[in-house]
Participant: 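Quick one: this structure, given as structure tokens, is what I'll be asking you about.
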Amino acid sequence: MNREEYLKNPCRASSLPFHKMKNMKLPENMAVVHHEDFDEEKYRDYSDERYFRLIHYLNNAEMPKLPDGFSECSAQVGEFTGHINKCYHDIRVNESQMKKYTESDVYDGELWLAVKEKNTGEIIATGIAEVDRDAGEGAIEWVQVSREYRRKGLGEYIVKHLLYLMKGKADFVTVSGKCDSLYQPEKLYRKCGFKGNDVWHILRKDGM
């Protein structure tokens with residue numbers, strides 16, 4: 001698929017941003033199928049994880065207000081890594097994995113956001129986005145808030161600030177996440193103006 005085909009309908013065309021899709025090579029035991037093409041009987045021997053994919057065209061992307069008691073701060077790759085691992089029970093990343101983001105053609109240091117609690121100085125919310133200037137596509141890759149600081153508007157702040165920063169850098173922004181996640185990320189992104197109904201099945205066959 002070339003760029004022009006992808007841009008006609010990005011979230012239907014691919015489960016991944018264009019820059020990742022170009023280099024994707026699936027293992028033999030995996031399949032990625034859009035819900036409209038999904039045949040449950042055909043993939044009955046596969047484990048199935050469903051991922052939503054949404055899009056935002058940066059209309060009405062305004063700078064949000066940070067809730068009282070918090071401030072943005074600079075953070076190193078290791079601090080982003082530590083915070084991501086702290087926030088999830090089912091995801092683990094290491095510093096070398098996160099450092100690869102900074103070595104990519106789509107890296108933009110301005111799109112690595114961290115928020116701290118003013119009294120303690122502890123990092124309690126982080127977010128990372130990328131911009132593929134060739135395709136005009138921004139992509140939000142990581143957004144997380146420490147458990148004890150959730151439901152305070154910090155996740156919404158991170159997402160909306162990333163969208164604001166990508167105005168002028170991207171024509172649109174995509175995001176994806178697990179449909180059945182305990183953290184219900186889809187609700188957050190829709191609240192921030194993302195739209196769409198595309199769902200992708202990530203299928204894995206054990207024993208191959």
Participant: Heavy atoms only: give me the nearest Val175-Tyr189 pair and the separation to one decimal.
Facilitator: CG2-CZ, 3.5 Å
Participant: Does Asp171 pair with Arg133 as a salt bridge, N-O distance under 4.0 Å?
Facilitator: no
Participant: Check this for me: does any side-chain nitrogen of one of Lys178 and Glu186 sit under 4.0 Å from a carboxylate oxygen of the other?
Facilitator: no
Participant: Side chains of Val115 and Leu154, heavy atoms from C-beta outward: is any pair under 4.5 Å?
Facilitator: yes
Participant: Any ion pair linking Glu156 and Lys191 (charged N to carboxylate O, less than 4.0 Å)?
Facilitator: yes
Participant: Parallel, tilted or perpendicular, judged at 30° and 60°: which one describes the rings of Phe172 and Tyr57?
Facilitator: tilted
Participant: If you compare all heavy atoms of Ile158 against all heavy atoms of Gly127, which two are closest, and at what distance to 0.1 Å?
Facilitator: CG2-CA, 3.7 Å
Participant: Indicate yes or no for a side-chain donor-acceptor contact from His201 to the backbone of Leu203 under 3.5 Å, with no hydrogens or angles considered.
Facilitator: no
Participant: Regarding Tyr157 and Glu72, do their side chains bring together a donor and an acceptor under 3.5 Å, going by distance alone?
Facilitator: yes
Participant: Hey, does Val93 have a side-chain heavy atom less than 4.5 Å from the side chain of Trp142?
Facilitator: yes
Participant: Would you name the heavy atoms of Met24 and Leu16 that are closest together and state the gap between them?
Facilitator: SD-CD1, 3.3 Å
Participant: Would Lys100 and Glu103 pass as an ion pair if we require N to O under 4.0 Å?
Facilitator: no
Participant: Does the side chain of Tyr51 pick up a donor-acceptor pair with the side chain of His35 at under 3.5 Å?
Facilitator: no
Participant: Do any N or O atoms from the side chain of Thr102 and from the backbone of Lys99 form a donor-acceptor pair under 3.5 angstrom?
Facilitator: yes
Participant: Considering all heavy atoms of both residues, which atom of Ile140 and which atom of Val159 are nearest to each other, and what is their separation?
Facilitator: CD1-CG1, 4.1 Å
Participant: Rounded to the nearest 0.5 Å, what's the gap from OH on Tyr88 to OH on Tyr183? Could you check?
Facilitator: 7.5 Å
Participant: Taking all non-hydrogen atoms of both residues into account, name the closest pair between Ala125 and Val145 and its distance.
Facilitator: CB-CG2, 4.1 Å
Participant: Looking at the rings of Phe18 and Tyr6, which for Trp means the six-membered one, are their centres under 6.0 Å apart?
Facilitator: yes
Participant: Does Arg190 use its side chain to pair, donor to acceptor, with the backbone of Gly196 at less than 3.5 Å?
Facilitator: yes
Participant: Using a strict threshold of under 4.0 Å (side-chain N to carboxylate O), is an ion pair present between Lys42 and Asp45?
Facilitator: no
Participant: Please report the interatomic distance CD(Gln184) to CG(Leu188), rounded to the nearest 0.5 Å.
Facilitator: 11.0 Å
Participant: Measure the shortest side-chain to side-chain distance between Leu165 and Leu113 over non-hydrogen atoms and say whether it is less than 4.5 angstrom.
Facilitator: yes
Participant: Any side-chain donor-acceptor pair under 3.5 Å between Gln144 and Thr126?
Facilitator: yes
Participant: Hey, are the side chains of His34 and Asp198 touching, using non-hydrogen atoms and a 4.5 Å cut-off?
Facilitator: yes
Participant: Hey, any chance Tyr46 and Ile202 share a hydrophobic cluster, counting ILVMFWY side chains that come within less than 4.5 Å of each other, even indirectly?
Facilitator: no
Participant: With a 4.5 Å cut-off on side-chain heavy atoms, are Lys152 and Pro67 touching?
Facilitator: no
Participant: Would you name the heavy atoms of Ile55 and Cys11 that are closest together and state the gap between them?
Facilitator: CB-SG, 3.8 Å
Participant: Ser146 and side chain to side chain donor-acceptor pair (under 3.5 Å): which partner among Glu122, Glu117, His83?
Facilitator: His83
Participant: Inspect the contact between Asp37 and Arg12 and indicate whether a charged nitrogen and a carboxylate oxygen are less than 4.0 angstrom apart.
Facilitator: yes
Participant: Given side chains that start at C-beta, do those of Leu162 and Met166 come closer than 4.5 Å, heavy atoms only?
Facilitator: yes
Participant: May I ask you to check whether Thr174 and Arg53 show a side-chain donor-acceptor distance below 3.5 Å?
Facilitator: yes
Participant: So does Arg44 pair up with Glu40, basic N to acidic O under 4.0 Å?
Facilitator: no
Participant: Is there a donor-acceptor contact under 3.5 Å from the side chain of Arg50 to the main chain of Trp200?
Facilitator: no
Participant: Please determine whether a side-chain nitrogen of the Lys or Arg among Glu130 and Lys169 lies less than 4.0 Å from a carboxylate oxygen of the Asp or Glu.
Facilitator: no
Participant: Can you confirm whether the side chains of Tyr107 and Trp112 place a donor and an acceptor under 3.5 Å from each other?
Facilitator: no
